[in-house]
2 protein chains.
Amino acid sequence: MRKRETIRRTTAKEVAAAAGLSKWTVIRAFTPGSSITEESKRRVMEAAAALNYSPNLLARSLATNSTRQVAVFVDDFRNPQKLPFLETLTDRLQAAGLVAMLININNHFDHVHALLHADQRQVDAVILFGTAFRDETLTDRQLGNGMPPMFVLARDSQIDGVPAVVCDAELALRDIVNHLHERGYRRPGFMSGATALSTALRRRQHFTDFWAEKGVSEIELLSAEKYSAEAGAESVRNYLSQMAPADRIDVLMCENDILALGAIDEIRGRHGLRVPEDIAIVGFDNYELGGSSAYSLTTYEQPRHEMVEAIIGMIVGTIEAETVTLPGKLIIRGST
Amino acid sequence: MRKRETIRRTTAKEVAAAAGLSKWTVIRAFTPGSSITEESKRRVMEAAAALNYSPNLLARSLATNSTRQVAVFVDDFRNPQKLPFLETLTDRLQAAGLVAMLININNHFDHVHALLHADQRQVDAVILFGTAFRDETLTDRQLGNGMPPMFVLARDSQIDGVPAVVCDAELALRDIVNHLHERGYRRPGFMSGATALSTALRRRQHFTDFWAEKGVSEIELLSAEKYSAEAGAESVRNYLSQMAPADRIDVLMCENDILALGAIDEIRGRHGLRVPEDIAIVGFDNYELGGSSAYSLTTYEQPRHEMVEAIIGMIVGTIEAETVTLPGKLIIRGST
DNA sequence: CACCTGCTTGCACCCGGTAGCAAGATATTT
DNA sequence: AAATATCTTGCTACCGGGTGCAAGCAGGTG
């Protein structure tokens, strides 16, 4: 680890010697609310400043059985929406005196590995950010037995007893379908990115249900497999090549903005069609670039700050609910 | 911390009792290469499995003075390029048995705070990812005195003795300028996102120098203050509104793809100009969306994987160099 | 001036591991 | 079979703090 082994950090004991007090008094000076005279505190602080001392959080964590570290599991880095979420999440965690351990869940490092690792590091909580265990994985009794509490962010929890914070999908899809219906669209399509995911299924289900309420029962289903612009484009390409112009959908809702942007590119570029005149497009997430004049994408914004505050509330224990569902905001732009 | 205080994890001592051995033997069973009989190891492993034991990495870190945690400082979450970099970085760190602590540097939590915090958590290294201390901050003697080793990723180091891994800016700008010159452009402009940053200045300087070699000494300088599509668009808007069409630049190099995408939107949308016919555009980073047919942005790709491998090599000590400069790749598309 | 109260301070022991030594057990040599 | 070499195992001490108790000390009271 390059040099680190040779590094000598000052300890409370050394500060104590310098200040002519015991190490416990030094620790008290650094523990708010503990009983210590002003005079001793001053002497400790002077010595500490001279020696550049600060308490070893590792040792403290070991003794107090609380690390104030939170593992954040992420398994999909393709969605740029993750970045502002990570920004808000790290910011609010830090404000709450916590720190994020970012764990990349992938083929080499799966959920079970990651959870075991996080547990070994004694994290205070695990945030499953946009990811969830598959049901099968759960048969492992790795869970429960003293594992750190888990929380799901921005996706439905699939595990009993694991709370989740989500954007209200029912409200979102109702708003979207109402808007599309008002605009006069009647032949809707839905593009999912990964049909196995519960969030995906939920959005699609609500989309279908609300259209049914409007008397539209036929929903064209496209599937992109991955959440990337190319995948979105490819999915549209397949659809358009199979479908006679007269039978085409007049509006396509994409499960997220990235798919939507890829879809728009494909519709305009390779097929020379217009958005929204030939096919209208709706996304989900309000990714910055969708708002640019090139795309002007109608989308739905998740209440990022509120969601992050809620999950932190769950972690620190001020919120008890099992599931927090927060309303987002429909952003109407030129693509519909 | 919700429940965590009541959680009881099994310790080596308890496993020892169950297996009828001492705690040291239990620990040996979990320490590769230590001297222990097959029989004892089997008994320990059985007891450990039954009790669901795994070693406490916190305690180990305290005893070995090595946490295998690396703090990653990020201060700009606007650039989507950060996300694939974070993906690669976390993946490779995990493969090396390290884990990333993601720290958000912002107004509430500045570099000095963050460094102090990282140090208190005994991280093995700090990666300044796309961020660097300003020179003034360094007058603090907070550095050096046993602080964890720091490494700068994707930006020039501004601190003596702090190694950096960067994409070769000289090579990149030479390739870009050669390409633009070949294509026949002769009136170049350069848009920076934050002129205070050394990386920005460096790219601009090379751009200017290589054009000078081609006999073009006048470079129009635009400034966007921030790295966002809007900022890029605004900067172009200001420029176009001030400049008579005849005097305009014929190619604009933007410091990164996000600025470039904003610039393209603005040029096409509000001004009805064509890219590349009226103004050609070059970006930097090869952000996925720039490759879409809507933008088809000529750009330069940083060698992400090599850069990440290099910085990890520095951290684990297999690479000694002070600065590693790696060649990237010019991606020529329709915008030039 | 003795006595009680309450704050400070030092102490033994603990958190859950690691390091290195020495005794005990086993294997090898002569 | 005795002596020696090698491997196992348990132990003490330690990493750098935190906890609860008891002694020390101050101030206030009768």
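Reminder, nothing fancy here: chain letters follow the sequence lines and each chain counts from 1. The basis for the numbers below is simple: all heavy atoms, side chains too, and nothing from hydrogens, waters or symmetry mates.
Judged by atom type and distance alone, B/Lys23 does not reach the base of D/dG10 through any side-chain donor-acceptor pair under 3.5 Å. Applying the 3.5 Å distance criterion, the base of D/dG10 shares a donor-acceptor pair with the side chain of B/Arg28. Judged by distance alone, with hydrogens and angles left aside, B/Trp24 brings a side-chain donor or acceptor within reach of the base of D/dT12, the pair sitting under 3.5 Å.
Heavy-atom distances under 4.0 Å link DNA chain C to B/Thr11, B/Ala12 of residues 11-21 of chain B, given in residue order. Of the residues in residues 53-63 of chain A, A/Leu62, A/Ala63 come within less than 4.0 Å of DNA chain C through at least one heavy atom, sorted by number.
A donor-acceptor pair is defined here as one N or O able to donate and one able to accept, closer than 3.5 Å; such a pair exists between the side chain of B/Ser34 and the backbone of B/Thr31. Under a 3.5 Å cut-off, the side chain of B/Arg68 and the backbone N or O of B/Ala96 do form a donor-acceptor pair. The backbone N or O of B/Ser61 lies less than 3.5 Å from no partner atom in the side chain of B/Ser66, so there is not a single donor-acceptor pair. Using a distance-only test at 3.5 Å, with no hydrogens or angles considered, a donor-acceptor pair links the side chain of A/Gln120 to the main chain of B/Pro55.
When B/Asp91, B/Thr88, B/Thr90 are each tested for a side chain to side chain donor-acceptor pair (under 3.5 Å) with A/Asn104, only one passes: B/Thr90.
Between A/Ser35 and C/dC7 there is no side-chain polar atom (N or O) within less than 4.0 angstrom of OP1 or OP2. Considering only side-chain N and O atoms, A/Thr25 lies under 4.0 angstrom from the phosphate OP1 or OP2 of C/dG10.
We find that CD of A/Glu38 is positioned 11 Å from P of C/dT9, with the value rounded to whole Å. Taking atom CD1 of residue A/Ile36 and atom C1' of nucleotide C/dG10, one finds them 13 Å apart after rounding to whole Å.
Ion pair A/Asp76/A/Lys226 not flagged as a salt bridge, since none of the NZ, NE, NH1 or NH2 atoms sits closer than 4.0 Å to an Asp/Glu carboxylate oxygen. Ionic pairing of B/Arg8 and B/Glu14 is present here: one or more N-O contacts between side-chain nitrogen and carboxylate oxygen are shorter than 4.0 angstrom. B/Arg42 has a carboxylate O that lies under 4.0 Å from a charged side-chain N of B/Glu46, or vice versa, which qualifies the two as a salt bridge.
Among the heavy atoms of the strands lying under 4.0 Å from A/Thr37 are primed sugar atoms or P, OP1, OP2 only; no base atom is included. Across all strands, B/Ile27 comes closer than 4.0 Å to base atoms (heavy-atom distances).
Classified by interplanar angle (parallel below 30°, tilted 30° to 60°, perpendicular above 60°), the ring pair B/Phe73/B/His111 is tilted. Ring pair B/Phe85/B/Phe129 is tilted by interplanar angle, where 30° to 60° counts as tilted.
A rotation axis mapping the C1' atoms of four pairs onto the next four is fitted at both ends of the helix from C/dC1-D/dG30 to C/dT30-D/dA1 over five pairs, and the angle between these axes is 50° to 10 degrees.
Between the side chains of A/Gln122 and B/Arg9, at least one donor N or O lies within less than 3.5 Å of an accepting N or O.
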